[in-house]
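Here is the structure we will look at.
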Amino acid sequence: MPEPYIRHAVPADEETLSRLDRIAWSPLHAVQPRPQPPYPPFFTERFGPRDHLVAELDGPGGPVTAGDATGDAGGGRGRRLVGYARLGFPTSLACNRHVRQILGFLVAEEARGAGVGRALLRAAVEEARRQGARRLTLRVLGHNAPARALYASEGFAVEGVLPEEFLLDGAYVDDVLMGRAL
């Protein structure tokens, strides 16, 4: 399997990221209802392209491709966009500006198990360090065992659990807070 290529998002990625979000929606990782048209913009005033790291894989794409008319997200390099990590501040408080939080994380189903999630996570750690952060945190649903295992394998530890925080598909689900030092 080819190595994922990680880069910052650009405005031209918006439609592909929006489509990826809709295709990959699942109660395993989403607390919002399934997206319905009309779809909101992926990039917002709060989170623009520079707040997103995207993963691309070489080769012709599956259902999620972007960029030009050929479906090439890599600007002629034959890559397809298969995931993203959204990095931001956990609060607007000046007293915790030393912390960054992964506020969105997704890998296309066809790219799971290929190292894409791990590469995105490592890139998010490096980007948070580059921004001067001392800690990186995230929240994950308690029943999302694959994501929790990935995060733990990359040095994230459970720092808190909000029991039965969400009611999803008729079941109460914990909100697990994880973090690591940088």
Going only through I, L, V, M, F, W and Y residues with side-chain contacts under 4.5 Å, is there a path from [X] to [Y]?
X	Y	result
V161	Y172	no
F105	V173	no
F166	L162	no
V31	V176	no

Kindly give the heavy-atom pair with the smallest separation between [X] and [Y], and that separation in Å.
X	Y	answer
P11	P49	N-CG, 3.9 Å
A9	V54	CB-CG1, 3.8 Å
A128	L136	CB-CD1, 4.3 Å
A24	R112	CB-NH2, 4.2 Å
A119	P4	CB-CG, 3.8 Å
W25	P35	CD1-CD, 3.5 Å

Between [atom1] of [X] and [atom2] of [Y], what distance do you get to the nearest 0.5 Å?
X	Y	atom1	atom2	answer
L20	R80	CG	CZ	11.5 Å
D174	E164	CG	CD	7.0 Å
Y84	D13	OH	CG	12.5 Å
D58	E56	CG	CD	8.5 Å
S26	R34	OG	CZ	8.0 Å
D175	L141	CG	CG	6.5 Å

Check this for me: [X], atom [atom1], are more than 12 non-hydrogen atoms of other residues, nucleotides or ligands nearer than 6.0 Å?
X	atom1	answer
R129	CZ	yes
Q131	CD	yes
Y39	OH	yes
R134	CZ	no

*Evaluate the side-chain contact (heavy atoms from CB on, under 4.5 Å) criterion for residues R135 and L182: first the C-alpha distance (whole Å), next the side-chain angles of each, then the deciding distance (0.1 Å), finally the verdict.*
CA-CA 5 Å; R135 289 184 34 74; L182 299 175; 5.6 Å; no
*Can a salt bridge be assigned to the pair R22 and E15 using a cut-off of 4.0 Å between side-chain N and carboxylate O?*
yes
Does any N or O in the side chain of [X] come within less than 3.5 Å of the main-chain N or O of [Y], such that one atom is a donor and the other an acceptor?
X	Y	result
R118	L150	no
R148	G142	yes
N96	V99	no

_Checking L87 against Q101 for the side-chain contact (heavy atoms from CB on, under 4.5 Å) test, could you report, in this order, the C-alpha distance in whole Å, the side-chain angles of both residues, the deciding distance, and whether it holds?_
CA-CA 6 Å; L87 195 61; Q101 188 167 52; over 6 Å; no
*Give a yes/no verdict on a cation-pi contact between R86 and F42, requiring under 6.0 Å between NZ or CZ and the six-membered ring centre and an angle within 45° of the axis.*
yes
*Does a side-chain heavy-atom distance below 4.5 Å link T137 with L177?*
no
*Check whether any side-chain heavy atom of L17 sits under 4.5 Å from a side-chain heavy atom of L106, and report yes or no.*
no
*Given the rule in the side-chain contact (heavy atoms from CB on, under 4.5 Å) test, do V125 and R180 qualify, once you have shown the distances and angles that lead to the verdict?*
CA-CA 9 Å; V125 166; R180 62 165 283 175; 4.0 Å; yes
_Taking the six-membered ring for Trp, are F43 and H52 closer than 6.0 Å centroid to centroid?_
yes
_Test side-chain contact (heavy atoms from CB on, under 4.5 Å) on I6 and L120; report intermediate values, then the result._
CA-CA 7 Å; I6 309 297; L120 275 169; 3.9 Å; yes
